[in-house]
Amino acid sequence: MKILPKGQYDYQSSEEQILTFWHSKNFFSTEYKPKNNIPFNGSWTLICPPPNAYDRPHIGNLSGYAYMDAMARYNRMIGKHVAMIPGKDHAGLEGEATYIKDVLDKQGKSKFDFSRDEFYRMVWEHQAKFQKIIQEDEKRIGLSADFEKDLYTLDPRVVNMVLETFIELYNRGLIYKGVRIVNWDPIAKSTIPDNQCARKTRQARLYYIKYYLDDSNQDINNFLIIATTRPETIFADTAVAVNPDDDRYNHLIGKFIKIPLTNKKIPIISSKRVVRDFGTGVLKVTPAHANEDWEIMIEWNRENPDKKIDVVNVIDKESCYCGCVPSHYKGKNVYSVIDELINELHENGHIEKIEEVEQNVVISDRTKAIIEPMITSQWFMDVSEFKDPLREMVRTKAVDVHPQNMLGRFYDWVNKMRDWAISRNLWWGYRLPVWYSGELKETIDDDGHVKVLININNQWVDFDPKNSDHMRVQIDSPGDSWKQDDDILDTWFSSGQWPYLTLRTYGLFDANYPTDVLVSGSDLLVKWDLTMMLFSWAKYRDVPFRNLYLTGLVKGTDGQKMSKSRGNTISLDEIIQNYGVDSFRLCCFYQNKAGRSYAITYDKLTTFRNFNNKIWNASKFVSMNLEDYSYFDELNRINNVSELKKFILDKRWILDSKDNEFLDYIDQFENRYHKLFAKYRFGILTEELYQSFWHEFCDKYIEDTKNRLLKDKNTGDYKVSEEIRRATQTAIYFILKKYIYMLHPFVPFVTEIIWQNIVEDSKFEEPMMYTRFFNI
RNA sequence: GGACUCAUAGCUCAGUUGGUUAGAGCGUUACAUUGACAUUGUAAAGGUCGCAGGUUCGAGUCCUGCUGAGUCCACCA
């Protein structure tokens, strides 16, 4: 027992000192064995969500770490064998885009100034630097993860497993190369999956366009008016649809109608999807350039196999006209000729009227580009067979989601999930393990049909993915003449496998899978969490984690959504400098609950800085009053109140009723603490800890012990007998220690440094969380 | 249009099988304090728990409707 130094708690130097100690040996290693030699009480595993390796973690990431770390520390303290493994994500699309924006743009260069290999190596080095920086921040926040095992998603060990999964799923028929509608991001020049799209409202024009019926009697009045916001896609129309219950039009179903300007004949079909009271109740069906139209086509063709409608592409990947468009538009940028097109429609009497409307458009989450739906040849993963297992996982609580009310979104998403576009036309990521025996070419013919051709023996022939002379899926090249697919895999294809990729890399899979908890932001529920569940089911018919704890959005210092432009952000450096990491960590928990957003404000940070100071000072008081106490060796072996009382009795000390009362109280409090922890109710837990420590322990109990611990000011003698005083010393020490342990998962730094002084007595052998003091 | 969430003290939020007098932090007011701590203590003020119904012996809590705020999804071709 050392007397704590006078004055306020110095969070800065204490945190530095404790950090140095924590990382002086591999204390957080999965292989670390506590010195007490008590057998582990089961294992507990958490895989940290890998942050993107191109930027320092923001306050939201850090709050997630606070949760993960509190859980990990707690589980070590109750004797679990803890594996907490951090990682870093290469972030395919975003990683490439960020590198181009932050580095190449500033040098005035483009990625095409470099070879694919050169570019890859440059981004690799860029991210390698950030990986170190990020790891330092993770350590600084107190994360007790196994940093020796910090794993990068492009680590060669990982890459091989990811590619093997691709091959396995391909061989099982779950991954296929197909020509289908995708979300095309014209800025990134890549396909974007549904879960990386967002929506935006904008003003748009609704054009009412006259389509003439293909009638033998050439009646000039025989036409339909079709309202559309996308007149530029009329050449890609392959049908016109009306609602079958719409008496105005249903007699026309089966007849033909002519596309303005080109006079191409297309059928009038029916679809329940057509909204009768929007526009004129007639919809032009453009399956190549509108998701819903694609669905309408699929449905119609399924139900009317003899009257199938076509799909026709008229806009290519460069946003230029192609296929069956009037020749003077061919090859021109669609948006630069749109005025010309409208004029031409006008002159030919096809425009009935134009209205201003508000329109929701789909944009790319990352580039904010307006998504251009189009038909192209891409790789897809068939997700249909996973829908039921995914729903079952959460329904049966095989994956227990905290909070449950987020599940509405989950079910919504699963229900509408369609095949996942997994290939990206980028360089930064896992290149597909797919080989072609010759050059591959995707073209759009004059009819607007997407054709994939392969060059074999200097002849372009139709590409057939099922023909092993055309394509092979394997890691190594089948031979010198074979060419590897240029595309890479979607980042989520690897991060979706992250829990088992990490564990398998380190040979921990058998003992640690499924993992116990995943902590993720609630916004990742359908982006990432669901993907992990999907892969876990595909590979192992098991869940990836038993509990899913969703954290809310962290708001800025003014309670508003955090953004740099608003100036309401707070940096880790500022926290370290002015408040201490412990204060920040407590902000994340206090009165918060799963899934709820909360603000990190200066008021809160100050409050918890004061609280940490209070912990320090109360501990100091105890240390000062136990100067002449010499029973620590025996006392430190006791972890429950009844044994403690027996110890006091054996020593023939006399337990004052107040001491007795508070010992019973702390015993009950600890019970409740464990219950709340098991239920992930950290908000209430930390509130009660704060209340109990400050207002019960400090304000009431410590004040009362002054009657038994301090000397009389006048006489200079103790106010009570030695027997009573020793019992009080024993009790107050034990009680303080209980609080220090209960607080440790949330404020690890201040508790660790106090513990080293009052319990460990400067031996500094191992972190306090490995000593068993909880009565559980 | 559909789903979900929120509405509790001046502010930010807790309040999980419905059960005494509804809590915390910050803020406010008054007083105290040279010996753990002014990053302190003691005490006080402050709420018809959004509105209107309903179920119940009993509702902040359950149900219905309404109002306002937000998120997600769908869609407005």
Side-chain angles (χ1 to χ4, degrees), chain A residues 3-9 11 194 198-199 201 204 206-207 209 226-231 233 237 240-241 271 273-275 277-286 289-293 296 357-362 403-413 415-416 522-523 525-526 552-553 555 558-559 561 579-580 583 586-587 590-593 595-625 676 679 681 683-688 690-691 694-695 698-700 702-703 705-706 709-711 713 736:
Chain A
I3 296 176
L4 299 181
K6 241 184 122 51
Q8 294 168 9
Y9 171 55
Y11 50 89
D194 291 339
R199 274 109 206 133
T201 309
L206 186 62
Y207 296 87
I209 300 178
I226 300 177
T228 180
T229 52
R230 299 207 59 194
T233 65
D237 293 353
V240 161
S271 170
R273 289 173 184 262
V274 178
V275 179
D277 46 10
F278 183 83
T280 58
V282 187
L283 168 70
K284 67 188 207 61
V285 180
T286 320
H289 300 296
N291 288 322
E292 193 173 28
D293 295 10
I296 289 172
V357 291
E358 208 170 63
Q359 183 196 26
N360 278 330
V361 289
V362 178
Q404 286 279 308
N405 65 33
M406 297 273 178
L407 285 180
R409 264 162 65 192
F410 185 89
Y411 289 123
D412 259 11
W413 190 268
N415 293 342
K416 74 164 189 100
S522 55
D523 54 325
L525 176 62
V526 298
L553 205 68
K555 293 183 182 167
D558 57 356
K561 190 176 176 184
Y579 302 97
S583 309
L586 217 36
C587 283
Y590 190 85
Q591 285 197 340
N592 186 244
K593 56 181 174 184
R596 283 283 293 208
S597 300
Y598 58 97
I600 301 288
T601 63
Y602 293 109
D603 272 354
K604 285 186 195 170
L605 286 166
T606 308
T607 299
F608 297 122
R609 184 179 62 193
N610 296 353
F611 180 60
N612 291 328
N613 190 51
K614 193 72 179 177
I615 300 173
W616 176 258
N617 279 307
S619 307
K620 194 199 304 170
F621 174 83
V622 173
S623 72
M624 289 167 70
N625 286 288
L676 289 172
K679 290 184 187 165
R681 301 192 61 193
I684 294 187
L685 185 57
T686 48
E687 180 183 344
E688 289 188 6
Y690 180 101
Q691 282 305 310
W694 199 315
H695 301 301
C698 295
D699 292 349
K700 297 194 184 122
I702 286 187
E703 286 309 314
T705 60
K706 287 178 179 172
L709 294 174
L710 299 182
K711 289 175 180 169
K713 277 179 219 163
L736 173 72

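No experiment lies behind these values; they were computed from the predicted model shown.
- Counting non-hydrogen atoms under 4.0 angstrom, I702(A) reaches a base of the nucleic acid.
- Take Y11(A) and apply the side-chain contact (heavy atoms from CB on, under 4.5 Å) test, not counting sequence neighbours, and it matches Y9(A), E15(A), R609(A).
- Looking at residues two or more places apart in sequence or on another chain, you find a ring-ring contact (aromatic ring centres under 6.0 Å, His included) between Y590(A) and F608(A), Y690(A).
- Rounded to a whole Å, the NZ atom of K284(A) is 11 Å from the P atom of rA77(B).
- Rounded to the nearest 0.5 Å, atoms OG1 (T286(A)) and CG (D237(A)) are 4.0 Å apart.
- Residue V526(A) is classed as having no contact, given no heavy-atom separation below 4.0 Å to the nucleic acid.
- Note on V274(A): a base of the nucleic acid sits closer than 4.0 angstrom, heavy atoms only.
- Of the candidates rA36(B), rA77(B), rC13(B), the closest approach to any side-chain atom of R596(A) belongs to rC13(B).
- Atom name P, nucleotides rC73(B) and rC26(B): the rounded distance is 38 Å, in whole Å.
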Do any N or O atoms of the protein come closer than 3.5 Å to N or O atoms of nucleotides 15-21 of chain B, and which pairs are they?
residue: rG15(B); atom: OP2; partner: K593(A); partner atom: NZ; Å: 2.8

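- Across all strands, D699(A) comes closer than 4.0 Å only to sugar-phosphate atoms, never to a base (heavy-atom distances).
- Panel note: side chain S623(A), backbone L4(A); a donor-acceptor pair is recorded below 3.5 Å.
- Remark: V282(A) engages L224(A), I226(A), V240(A), V242(A), Y249(A), T280(A) in a side-chain contact (heavy atoms from CB on, under 4.5 Å) (not counting sequence neighbours).
- Separating the CZ atom of F621(A) from the P atom of rG35(B) is a distance of 13 Å, rounded to the nearest angstrom.
- Residue contacts shown for A618(A) include a base, since a base heavy atom lies under 4.0 Å away.
- Counting only Watson-Crick or G-U wobble pairs whose defining distances are both under 3.5 Å, the stems of 3 or more consecutive pairs in RNA chain B are B:1-7 with B:67-73, B:10-13 with B:23-26, B:28-32 with B:40-44, B:50-54 with B:62-66.
- The separation between K620(A) atom NZ and rA36(B) atom C1' is 5 Å, rounded to whole Å.
- With sequence neighbours left out, D603(A) forms a side-chain contact (heavy atoms from CB on, under 4.5 Å) with T601(A).
- L710(A) comes within contact range of at least one nucleobase, with a heavy-atom separation under 4.0 Å.
- When the P atom is compared between rC57(B) and rG10(B), the two are found 35 Å apart, to the nearest whole Å.
- Contacts of R230(A) classified as salt bridge (Lys or Arg N to Asp or Glu O under 4.0 Å), with partners at least two apart in sequence or in another chain: E232(A), E372(A).
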List every contact pair, protein side and nucleotides 23-26 of chain B side both N or O, where the distance is under 3.5 Å.
residue: rG23(B); atom: N2; partner: Q591(A); partner atom: NE2; Å: 3.0
residue: rA24(B); atom: O4'; partner: E687(A); partner atom: OE2; Å: 3.4
residue: rA24(B); atom: O3'; partner: Q691(A); partner atom: NE2; Å: 2.6
residue: rA24(B); atom: O2'; partner: Y590(A); partner atom: OH; Å: 2.2
residue: rA24(B); atom: O2'; partner: Q691(A); partner atom: NE2; Å: 3.3
residue: rA24(B); atom: N3; partner: Q591(A); partner atom: OE1; Å: 3.2
residue: rA24(B); atom: N3; partner: Q591(A); partner atom: NE2; Å: 3.2
residue: rG25(B); atom: OP1; partner: H695(A); partner atom: NE2; Å: 3.2
residue: rG25(B); atom: O2'; partner: T607(A); partner atom: OG1; Å: 3.3
residue: rC26(B); atom: O2'; partner: D603(A); partner atom: OD2; Å: 3.0

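- Within the 4.0 angstrom heavy-atom criterion, only backbone atoms of the sugar-phosphate kind lie near R409(A); the bases stay farther away.
- Here K700(A) pairs with E696(A) under the salt bridge (Lys or Arg N to Asp or Glu O under 4.0 Å) rule; sequence neighbours left out.
- Proximity of a side-chain donor or acceptor of K620(A) to a complementary backbone N or O of G7(A) within less than 3.5 Å is detected.
- K706(A) comes within 4.0 angstrom of a base, heavy atoms only.
- Under the 3.5 Å distance criterion, the side-chain polar atoms of R409(A) are matched with a main-chain donor or acceptor of S522(A).
- The same atom, C1', is picked in rG23(B) and in rC49(B); the two are 12 Å apart, to the nearest Å.
- On the P atoms, rU8(B) is 25 Å away from rA3(B), given to the nearest whole Å.
- rC72(B) atom C1' lies 14 Å from atom CG of L407(A), rounded to whole Å.
- Residue contacts shown for E292(A) are limited to sugar-phosphate atoms, with no base heavy atom under 4.0 Å away.
- Atom pair E703(A):CD and rU40(B):P shows a separation of 14 Å (rounding to whole Å applied).
- Computed from coordinates, the L736(A) CG to rC37(B) C1' distance equals 14 Å when rounded to whole Å.
- Rounded to a whole Å, the CH2 atom of W413(A) is 12 Å from the P atom of rC72(B).
- Along RNA chain B, the nucleotide nearest K711(A) and the nucleotide nearest G281(A) are compared for position; the residue whose nucleotide lies closer to the 5' end is K711(A).
- When the salt bridge (Lys or Arg N to Asp or Glu O under 4.0 Å) test is applied to E687(A), no partner is found at least two apart in sequence or on another chain.
- Rounded to whole Å, the separation between the P atoms of rA30(B) and rC72(B) comes to 46 Å.
- Listed by chain and number, the residues in a side-chain contact (heavy atoms from CB on, under 4.5 Å) with N592(A) are Y67(A), R596(A), Y598(A) (sequence neighbours excluded).
- Across rU55(B) and rG18(B), the matching C1' atoms stand 11 Å from one another, rounded to whole Å.
- Separation of the C1' atoms belonging to rG35(B) and rG41(B) is 15 Å when rounded to the nearest angstrom.
- Taking atom P in both rU56(B) and rU71(B), the straight-line distance is 39 Å, to the nearest Å.
- At whole-Å resolution of the value, CG in L553(A) and P in rC13(B) are 13 Å apart.
- With sequence neighbours excluded, no residue forms a salt bridge (Lys or Arg N to Asp or Glu O under 4.0 Å) with K593(A).
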